[in-house]
Chemist: 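Below you'll find the structure I mean.
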Amino acid sequence: MFTIFKKEIRSFFGTPGAYIVSSIFVLICALFLWFFDNEYNIFNLGTASLSTFFFIAPWAFLFLIPALTMRQLAEEKQMGTLDWLLTQPIKISNLILGKYLSVLILIAFMLLSTAIFVFSIQYFSMDGKIDTGAIISGYAGLFLLGSLFAATGLAVSSFTENQVIAYVGTVFLCFLMYYGFTGLASYNLLGSLDYYVQQAGAEFHYNSFLKGIIDTRDLLYFVAVSVLFLCLAYFSLIKLLTR
């Protein structure tokens, strides 16, 4: 696992890719938070809060994380190196976990790059005080959401060798997981069941973190769904190995 992990980390940070993606993420968030005259602008908001950042960031993740995962397995298939890897004394579970952990490190790096936002709102705060608890839980929720998107991307990437299909498929599935259930519940088609439909979506559990609450049920949701998608990737590669 660590061999695969180190290889992927080198491919991310040994090239401009990781820095470009992180820069794009920070730039998108910074433009909405500080420069664009809109409802998400912190100056228009009038409070020293990162609530708008935690609203914008998932949508940026929705398009950026699939760009990271689309090549993880699809490119290996396209180049024929996946068949070679599967013949090596490497467990398929270790192969998937090595690639998954490398993406998690990059997600953590992207979030760390936004630390400037925290120092900025603290500077502009009237008394220099900010709601540290809400910010920490918000970052925790954002990392878990990114982890879910990464697991989804790996699963989709395991089913195709076309990186464009892997990207588009992951964006669609992540959108469905994040907002689809909430959007469906908003139509009030199922009466009292709409609440449970909403709970099936990632946005419901992510929003709990934004309230400064770290609930074990929300943690279990992100862990369980991420594991489910990693298992899908595992069985996809098993099927490829035994064909």
Chemist: Would you say CD1 of I116 has more than 12 non-hydrogen atoms from neighbouring residues, nucleotides or ligands within 6.0 angstrom?
Modeler: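 No.
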Chemist: Sort out for me which residue in R10, K6, E8, K7 forms a side chain to side chain contact (heavy atoms under 4.5 Å, CB included) with S102.
Modeler: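 Result for side chain to side chain contact (heavy atoms under 4.5 Å, CB included) with S102: E8.
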Chemist: I need the I135 CD1 to S51 OG distance, nearest 0.5 Å.
Modeler: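 One gets 10.0 Å once the value is rounded to the nearest 0.5 Å.
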Chemist: Does either side chain, that of Q72 or that of S157, offer a donor lying less than 3.5 Å from an acceptor on the other one?
Modeler: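 No.
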Chemist: Is any side-chain heavy atom of F175 less than 4.5 Å from a side-chain heavy atom of F63?
Modeler: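 No, every pair of side-chain atoms sits at 4.5 Å or beyond.
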Chemist: Are F55 and Y40 an aromatic pair, judged by ring center distance below 6.0 Å?
Modeler: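 Between Y40 and F55, the centre distance is under 6.0 Å.
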Chemist: Identify the heavy atoms of P58 and F149 that sit nearest to each other, and give their distance.
Modeler: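 Answer, listing the atom of P58 first, then F149: O-CE1, 3.9 Å.
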Chemist: Could you please spell out the steps behind the side chain to side chain contact (heavy atoms under 4.5 Å, CB included) verdict for F235 and S158?
Modeler: CA-CA 9 Å; F235 288 118; S158 70; over 6 Å; no
Chemist: Is there a donor-acceptor pair closer than 3.5 Å between any side-chain N or O of H205 and the backbone N or O of L219?
Modeler: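 Between the backbone of L219 and the side chain of H205 there is no qualifying donor-acceptor contact (under 3.5 Å).
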Chemist: Are V156 and F229 packed together at the side-chain level, in the sense that at least one heavy-atom pair is separated by less than 4.5 angstrom?
Modeler: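 They are not in contact (no side-chain heavy atoms under 4.5 Å apart), so the answer is no.
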Chemist: Applying a strict under-4.5 Å side-chain criterion to I, L, V, M, F, W and Y, I'd like to know whether L97 and L228 cluster together.
Modeler: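 No; L228 is not reachable from L97 via cluster members.
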Chemist: Does F12 reach the side chain of F109, with side-chain heavy atoms less than 4.5 Å apart?
Modeler: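 Answer no - side chains too far apart.
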Chemist: At their closest point, which heavy atom of S137 faces which heavy atom of I214, and how far apart are they?
Modeler: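 Answer, listing the atom of S137 first, then I214: CB-CG1, 3.9 Å.
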Chemist: Can you get from I136 to I213 by hopping between Ile, Leu, Val, Met, Phe, Trp and Tyr side chains that sit under 4.5 Å apart?
Modeler: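 No.
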Chemist: Do the side chains of L111 and L27 join up, straight or via other hydrophobic residues, at under 4.5 Å, putting them in one cluster?
Modeler: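 Yes, same cluster.
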Chemist: For I92, does its backbone N or O pair with a side-chain atom of Y234 as donor and acceptor, under 3.5 Å?
Modeler: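 The answer is no, because no donor-acceptor pair under 3.5 Å joins these two groups.
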Chemist: If you define the side chain from C-beta out and look only at heavy atoms, does anything of M110 sit under 4.5 Å from V21?
Modeler: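 In contact.
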Chemist: Shortest non-hydrogen contact from C29 to I56?
Modeler: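 What the structure gives for the nearest pair is SG-CG2, 4.4 Å.
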Chemist: So, the side chain of Y221 versus the backbone of A200: is there a donor-acceptor pair under 3.5 Å, distance only?
Modeler: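 Judged by distance alone, yes, a pair lies under 3.5 Å.
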Chemist: Answer yes or no: is there a side-chain heavy-atom contact under 4.5 Å between F32 and N38?
Modeler: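 F32 vs N38: side chains touch.
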Chemist: Are F53 and F117 close enough that their ring centers fall under 6.0 Å?
Modeler: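 Close enough - the centres of the two rings lie under 6.0 Å apart.
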Chemist: If you group Ile, Leu, Val, Met, Phe, Trp and Tyr by side-chain heavy-atom gaps below 4.5 Å, do L68 and V168 land in one group?
Modeler: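 Yes; tracing contacts between hydrophobic side chains, which count when under 4.5 Å, links both residues.
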Chemist: What do the steps show when you test D215 against S208 for side chain to side chain contact (heavy atoms under 4.5 Å, CB included), and what is the final call?
Modeler: CA-CA 8 Å; D215 193 313; S208 295; 5.6 Å; no
Chemist: Hey, does N94 have a side-chain heavy atom less than 4.5 Å from the side chain of I4?
Modeler: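 No - every pair of side-chain heavy atoms lies 4.5 Å or more apart.
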Chemist: Measure the OG-CG distance between S22 and L64 for me, rounded to the nearest 0.5 Å.
Modeler: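 Taking OG in S22 and CG in L64, the distance rounds to 9.0 Å.
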Chemist: In terms of relative ring orientation, are F25 and F61 parallel, tilted or perpendicular, with 30° and 60° separating the classes?
Modeler: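 Taking F61 first and then F25, their aromatic rings lie parallel (interplane angle under 30°).
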Chemist: If you round to the nearest 0.5 Å, how far is OH of Y178 from CG of L173?
Modeler: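 Answer for the CG-OH pair, L173 versus Y178, is 15.5 Å.
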Chemist: State the CG-OG1 distance between L154 and T170, to the nearest 0.5 angstrom.
Modeler: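 The distance works out to 8.5 Å.
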Chemist: Could you see if I28 belongs to whatever hydrophobic cluster contains Y167? Use Ile, Leu, Val, Met, Phe, Trp, Tyr and a side-chain cutoff under 4.5 Å.
Modeler: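 Yes, it is one cluster - the side chains of I28 and Y167 are joined through contacts under 4.5 Å.
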Chemist: Give the minimum heavy-atom separation between A57 and L142, together with the two atoms involved.
Modeler: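 Closest approach of A57 to L142: CB-CD2, 3.5 Å.
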Chemist: When the ring centroid of Y139 is compared with that of F54, is the distance short of 6.0 Å?
Modeler: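 Yes - the distance between ring centres of Y139 and F54 falls below the 6.0 Å cut-off.
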Chemist: If you round to the nearest 0.5 Å, how far is CG of L148 from CZ of F222?
Modeler: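 Answer rounded to 0.5 Å: 6.5 Å.
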Chemist: Between I107 and S147, what is the shortest heavy-atom contact and its length?
Modeler: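 So the minimum-distance heavy-atom pair works out to CD1-N, 4.2 Å.
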Chemist: Carefully, step by step, assess N41 and F36 under the rule side chain to side chain contact (heavy atoms under 4.5 Å, CB included).
Modeler: CA-CA 7 Å; N41 190 294; F36 292 162; 5.6 Å; no
Chemist: Give, for atom CD1 of I24 and atom OH of Y19, the distance between the pair rounded to the nearest 0.5 Å.
Modeler: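 Result: 15.0 Å between the selected atoms.
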Chemist: Report yes if some heavy atom in the side chain of D218 is under 4.5 Å from a heavy atom in the side chain of Y206; otherwise report no.
Modeler: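 No. Closest side-chain heavy atoms not under 4.5 Å.
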Chemist: Taking C-beta and beyond as the side chain, do F209 and L144 meet within less than 4.5 Å on heavy atoms?
Modeler: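 Yes; the side chains approach each other to less than 4.5 Å.
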Chemist: Provide the closest heavy-atom pair for W34 versus I121 in the form atom of the first, atom of the second, distance.
Modeler: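 Looking at all heavy atoms of both residues, the closest pair is CH2-CG2, 3.9 Å.
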